[in-house]
Each structure stands twice: as C-alpha cells, then as structure tokens.
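Quick note: residue numbers are just sequence positions, from 1.
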Amino acid sequence: QVQLVESGGGLVQAGDSLRLSCAASGRTFSTYAMGWFRQAPGKEREFVAATSRNGGSTSYADSVKGRFTISRDNAKNTGYLQMNSLKPEDTAVYYCAAAPTLGVFRVVASSHEYEYWGQGTQVTVSS
C-alpha cells in the first residue's frame with residue numbers, strides 16, 4: 001500500500017506556471033506507475049498525464065500536451081507535474097494516483113487501474 005499527498009496548488013493568472021508535487025510513502029514508489037488526473041466543478045474526473053515506473057515513458061492528454069510535463073524522482077519517492085502556460089480551463093482539483101504494474105515502461109492512462117489516490121490539490125487559473 002502507498003499513501004500519496006499532493007501539494008503545490010494555488011491561485012495563478014493565465015499564462016503562469018505551477019509545479020505540483022506528489023509525495024509517496026509506504027511501499028516502494030518505484031513499483032507503481034504514476035498518473036495525474038483532474039476534476040473541475042460539475043465535470044467528471046479526467047486524465048492529465050501519466051508516467052511509467054522508471055519515468056522513461058510518458059503520456060499526456062491532448063489538452064495539456066506541450067504545456068505540462070510529468071516526471072518522478074524515485075529516490076525521493078516524489079512525482080511532479082510541471083504546468084506551464086496555464087489557462088482558465090485548467091482550473092480543477094488535481095489528483096495524483098499510483099497503479100501497481102509489472103511493466104517498468106508501462107504507462108497507465110485509465111483511472112480504473114489506479115488503486116491509490118491522493119486527496120487532491122486545488123489549481124485555480126484566473127483570466
């Protein structure tokens with residue numbers, strides 16, 4: 001089992017940047033693929049980005065491709081989401097999640113495969 005805690009959210013203006021962090025504790029972080037999801041008010045949770053156990057493979061939603069970068073530091077048991085050129089439509093609660101997987105390079109994009117979730121961090125982008 002792994003516990004996840006997100007941080008780094010806040011209120012920013014359009015065009016600004018934020019870096020979210022996801023601190024993991026419990027079982028070895030490197031045995032989990034990691035992903036970021038978000039949920040805006042009145043909308044369903046959606047996939048944002050994911051990375052493999054070793055960070056060597058990544059996947060992004062089209063809406064954030066070229067603006068967001070997912071990464072991880074297994075030595076620090078921490079994952080990151082660098083968000084640049086933020087837009088008002090990026091406003092949401094952002095969640096990190098961990099999925100146990102055998103494949104070191106496997107990226108998991110489906111929320112149904114993620115077993116562990118953080119409590120979320122609010123990101124608000126004003127226009």
OG on S7 to OH on Y94, rounded to 0.5 Å: 15.0 Å

Within-4.5 Å side-chain heavy-atom neighbours: L86 and Q13: no

pair L20-E6: side-chain heavy atoms closer than 4.5 Å: no

Check: T69 main-chain N/O paired with Y80 side-chain donor or acceptor under 3.5 Å: no

With sequence neighbours excluded, residues passing side chain to side chain donor-acceptor pair (under 3.5 Å) with T58: none

Spatial distance of atom CZ (R72) from atom CG (N77) [nearest 0.5 Å]: 9.0 Å

Linked hydrophobic residues, L4 as query - side chain contacts closer than 4.5 Å: V2, Y32, Y116

Donor-acceptor contact present, side-chain S85 to main-chain G15, <3.5 Å: no

Residue pairs, two or more places apart or on separate chains, that pass disulfide (SG to SG under 2.5 Å) and touch residues 55-127: C22-C96

Shortest non-hydrogen contact between G8 and T121, atoms and distance: N-OG1, 4.3 Å

Same apolar cluster (I L V M F W Y, side chains within < 4.5 Å links), W117/V108: yes

Validation row: S71, Q82 side chains within 4.5 angstrom (heavy atoms): no

Atom NZ of K43: over 12 foreign heavy atoms under 6.0 Å: no

Shortest non-hydrogen contact from S127 toward P88: CB-CG, 3.8 Å

Separation of Q39 CD from E44 CD (nearest 0.5 Å): 8.0 Å

Linked, directly or transitively: V64 and Y95 (ILVMFWY side chains, under 4.5 Å): no

Contact check, side chains of F68 and W36, non-hydrogen atoms, under 4.5 Å: no

Interatomic distance, T91 atom OG1 to Q122 atom CD [nearest 0.5 angstrom]: 7.0 Å

pair R53-S30: side-chain heavy atoms closer than 4.5 Å: no

Contact check, side chains of D90 and R67, non-hydrogen atoms, under 4.5 Å: yes

same_hphob_cluster(Y60, F47) at 4.5 Å side-chain heavy-atom cutoff: no

Backbone N/O of F105 and side chain of S57: donor-acceptor pair under 3.5 Å: yes

Pairwise side-chain contact, R38 with E46, heavy-atom cut-off 4.5 Å (strictly under): yes

S52 side-chain N/O to V107 backbone N/O, donor-acceptor pair under 3.5 Å: no

Atom of T78, atom of S21 and distance for their closest heavy-atom approach: CG2-CB, 4.3 Å

